[in-house]
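Sequential numbering from 1 along the given sequence is applied to the chain's residues.
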Amino acid sequence: NVLAQGGSAADAAVALYFALTVTRPSQASLGAGGTCLAWDARDPTIRAINFKQPPSVSRQPEVAPPGAPRAMAVLHGLHGRQRWSQVVAPAEALARFGHRVSRAFATDLAEADPRLFASGGMDVFAPGGRVLGEGAELVQPDLAATLTAIRTDGATALHDGPVADRLLAGIARFGGRLDRMELASFAPRVDEPIVKRLGSTRVAFTPWFETQGPYQALLWEALARRSFSGTGEAERPHLVAEAAGRAHGAVAAAIASSEPVTGWAGESQAAELMAGYRSDRHTAPAAAAAASRRGDPAGTGFVVADGRGGGVACGLTMGRPFGAGRVAEGTGVVPAIRSDAAVDDDALSPMLAMNPNSNVLFFLGAGSGPGAATAVVELAARVLAAEQPLGDAMAAARVEHRGVPDATFVEPAAVDAVRTGLEGRGHRVERLPAPSVLNAVSCPDGLPRSPGSCVLAADKRGSGLDAIVRR
């Protein structure tokens with residue numbers, strides 16, 4: 001609706017996020033953190049926005065300050081065309097008047113720990129103790145009132161004033177703790193992304209180690225060093241696994257040594273990373289990978305492009321599904337929890353590709369689930385470098401290697417298809433617990449130059465949606 005009314009990609013992304021806080025608060029509530037990449041043809045600079053909350057100090061679940069609402073306000077301020085109230089109001093109406101529970105949210109509810117609902121802290125999702133199923137009507141009056149305050153007073157309403165007071169009191173009521181000063185002061189960061197070149201195309205990644213951007217940029221460069229586009233399909237799972245294991249190890253070592261991101265993922269670093277690569281044989285990751293980190297598959301992602309060539313790709317996280325596992329009474333907000341400092345949030349992995357000379361957008365990608373950061377890069381490499389149709393690229397088997405353990409993980413549906421080739425090269429093949437789920441827009445001839453070339457893909461591995469709006 002926002003795009004049909006002439007709104008920008010940023011307007012639509014903001015509206016989409018706030019709608020998710022109503023329809024899928026398990027993965028993207030008003031308490032969520034995350035990161036976005038955004039570009040608008042009126043502004044030649046690609047913007048990276050970081051609203052990931054600081055990690056847990058105690059390495060125990062701790063309530064995090066809301067990050068996403070203020071980040072959406074920043075995104076809207078940079079590239080929005082419609083009024084703030086216009087992009088928040090649709091979510092407010094969904095919360096106040098109700099909506100049907102989606103398959104994705106029903107799945108999250110069914111897979112959640114039953115103790116979340118037995119405690120009474122999430123009665124809105126389990127009235128009378130019975131968890132809502134797909135198609136059930138869900139009305140959230142407290143959340144609607146909070147969204148009303150955000151619509152009329154801006155995102156700051158959640159950080160200071162009566163709504164913030166209710167949020168702090170509601171968190172305290174279920175035994176959580178959030179510092180008032182931290183709530184009031186938390187603000188997103190905006191910076192220029194890590195940018196890699198593919199001819200005249202610029203491929204952008206988020207520039208902070210607490211996101212997946214530095215890992216993705218190094219993986220992209222490593223695949224380019226080994227000519228991913230010229231590699232046969234039988235070798236590609238092996239190449240991706242080899243590059244991923246090495247890149248994860250390099251990132252873990254960089255974080256452990258507090259290495260700055262400046263100059264990261266250069267050609268020489270990628271060449272050193274891939275030294276000794278053999279197309280016919282697996283090589284165990286170097287000792288640096290012993291500090292490898294754990295991945296967290298929770299979260300969600302989305303992409304939006306507009307007819308003017310603007311684009312936004314975002315990844316969101318709650319720290320774990322349903323975050324703190326309680327609704328802050330009087331607000332309708334499910335607070336997020338801080339991630340463990342030794343954990344990588346797989347969903348914080350958006351990508352964006354554009355040409356600054358012709359001012360056209362080529363690609364947007366985002367994902368969530370196990371190995372999503374690797375999968376987004378491979379998808380982009382297939383589409384941008386190998387010029388593979390988006391649908392075919394989306395259907396390709398997905399693999400992941402995190403350095404430690406020395407095992408190549410394959411999505412469940414593809415294990416049989418790629419096992420022989422991987423094991424024949426010396427890989428120990430394991431099954432991922434679930435597939436990653438991606439969303440992407442590919443415009444091979446560029447947007448807005450050739451909108452007819454654009455293809456959207458919501459991964460069939462999940463329950464997402466895609467839509468093209470024609471005006």
Side-chain angles (χ1 to χ4, degrees), residues 1-2 4-5 12-32 66 68-69 72 85-152 157-158 163 166-167 170 173-174 298-302 316 318 320-336 368 437 439 458 462-467 469:
N1 289 343
V2 169
Q5 294 162 5
V14 173
L16 197 163
Y17 160 69
F18 281 113
L20 280 171
T21 70
V22 181
T23 63
R24 205 177 182 198
S26 49
Q27 308 291 356
S29 80
L30 287 176
M72 294 301 119
S85 60
Q86 285 180 273
V87 297
V88 179
E92 179 189 353
L94 280 173
R96 176 162 287 114
F97 301 114
H99 66 92
R100 300 288 182 183
V101 171
S102 68
R103 181 168 300 170
F105 187 47
T107 300
D108 290 343
L109 288 167
E111 293 178 350
D113 187 334
R115 290 175 295 181
L116 295 183
F117 309 107
S119 67
M122 301 231 287
D123 286 346
V124 68
F125 306 128
R130 297 187 62 180
V131 175
L132 295 173
E134 181 181 351
E137 187 76 9
L138 175 58
V139 180
Q140 301 172 78
D142 287 346
L143 181 58
T146 299
L147 287 165
T148 298
I150 291 173
R151 173 177 58 81
T152 57
L158 201 57
V163 175
R166 289 198 295 273
L167 179 65
R173 203 166 286 126
F174 66 67
T300 190
F302 60 82
L316 303 166
M318 294 284 290
R320 65 185 179 192
F322 290 101
R326 299 288 188 277
V327 175
E329 187 177 328
T331 68
V333 177
V334 179
S368 60
V437 178
N439 296 292
S463 302
L465 300 172
D466 57 65
V469 179

ring-ring contact (aromatic ring centres under 6.0 Å, His included) partners of Tyr17, counting only residues at least two apart: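 With neighbours one apart ignored, the set is empty.
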
Contacts of type ring-ring contact (aromatic ring centres under 6.0 Å, His included), residue Phe302, not counting sequence neighbours: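 In terms of ring-ring contact (aromatic ring centres under 6.0 Å, His included), with neighbours along the sequence ignored, Phe302 is linked to no residue.
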
Residues Thr23, His99; criterion side-chain contact (heavy atoms from CB on, under 4.5 Å); working and verdict: CA-CA 8 Å; Thr23 63; His99 66 92; 3.9 Å; yes

Determine the minimum heavy-atom distance between [X] and [Y], stating which atoms define it.
| X | Y | result |
| --- | --- | --- |
| Leu158 | Thr146 | CD1-CG2, 3.9 Å |
| Gly133 | Ala106 | C-CB, 4.0 Å |
| Phe105 | Val101 | CD2-CG1, 4.0 Å |
| Gly332 | Asp142 | N-CB, 3.6 Å |
| Val139 | Gly98 | CG2-CA, 3.8 Å |
| Ala12 | Val2 | N-CG1, 3.6 Å |

Listed once per pair and sorted, the salt bridge (Lys or Arg N to Asp or Glu O under 4.0 Å) pairs that draw on residues 320-336, sequence neighbours left out: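 Output for this query lists Arg173-Glu329.
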
Contact list for residues 116-130, test salt bridge (Lys or Arg N to Asp or Glu O under 4.0 Å), sequence neighbours left out: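 As it turns out, there is no salt bridge (Lys or Arg N to Asp or Glu O under 4.0 Å) pair with a partner in residues 116-130 once direct neighbours are skipped.
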
Qualifying residues under side chain to side chain contact (heavy atoms under 4.5 Å, CB included), relative to [X], sequence neighbours excluded:
| X | value |
| --- | --- |
| Pro321 | Gln27, Ala298 |
| Ser29 | Pro25, Met318, Val334 |
| Ala19 | Leu94 |
| Ala324 | Val63, Phe174, Pro335, Ile337 |

Parallel, tilted or perpendicular: rings of Phe322 and Phe125 (30°, 60°):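 Correct class here is tilted.
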
Side-chain donor/acceptor of Gln140 to backbone N/O of Val22, under 3.5 Å: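 Yes: the side chain of Gln140 pairs with the backbone of Val22.
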
Between OG1 on residue Thr107 and CD on residue Glu134, distance to nearest 0.5 Å: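 Going from OG1 on Thr107 over to CD on Glu134, the span is 7.5 Å.
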
Distance (rounded to the nearest 0.5 Å) between Thr331 OG1 and Leu167 CG: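 Going from the OG1 atom of Thr331 to the CG atom of Leu167 covers 5.5 Å.
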
Full working for side-chain contact (heavy atoms from CB on, under 4.5 Å) between Phe18 and Val87: CA-CA 8 Å; Phe18 281 113; Val87 297; 5.7 Å; no

List the atom pairs, with distances to 0.1 Å, where a side-chain N or O of residues 108-115 and a protein N or O form a donor-acceptor pair under 3.5 Å, not counting sequence neighbours.
residue: Asp108; atom: OD1; partner: Arg24; partner atom: NH2; Å: 3.2
residue: Asp108; atom: OD2; partner: Arg24; partner atom: NE; Å: 2.8
residue: Asp108; atom: OD2; partner: Arg24; partner atom: NH2; Å: 3.1
residue: Asp108; atom: OD2; partner: Ser26; partner atom: OG; Å: 2.6
residue: Asp113; atom: OD1; partner: Arg115; partner atom: N; Å: 2.9
residue: Asp113; atom: OD1; partner: Arg115; partner atom: NE; Å: 3.2
residue: Asp113; atom: OD2; partner: Arg115; partner atom: NE; Å: 3.0
residue: Asp113; atom: OD2; partner: Arg115; partner atom: NH2; Å: 2.6

Counterpart residues, salt bridge (Lys or Arg N to Asp or Glu O under 4.0 Å), relative to Arg151 (two or more places apart):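 Scan of Arg151 (salt bridge (Lys or Arg N to Asp or Glu O under 4.0 Å), adjacent residues dropped) gives Glu92.
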
Could you check if a side-chain atom of [X] sits within less than 4.5 angstrom of a side-chain atom of [Y], using non-hydrogen atoms only?
| X | Y | value |
| --- | --- | --- |
| Leu316 | Ser368 | no |
| Val88 | Thr152 | no |
| Thr148 | Arg96 | yes |

Partners passing side chain to side chain donor-acceptor pair (under 3.5 Å) against Gln5 (at least two apart in sequence or in another chain):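 Testing Gln5 for side chain to side chain donor-acceptor pair (under 3.5 Å), a comparison that skips the adjacent residues, returns none.
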
Chi angles and distances behind the side-chain contact (heavy atoms from CB on, under 4.5 Å) call for Ile150, Leu30: CA-CA 10 Å; Ile150 291 173; Leu30 287 176; 4.1 Å; yes

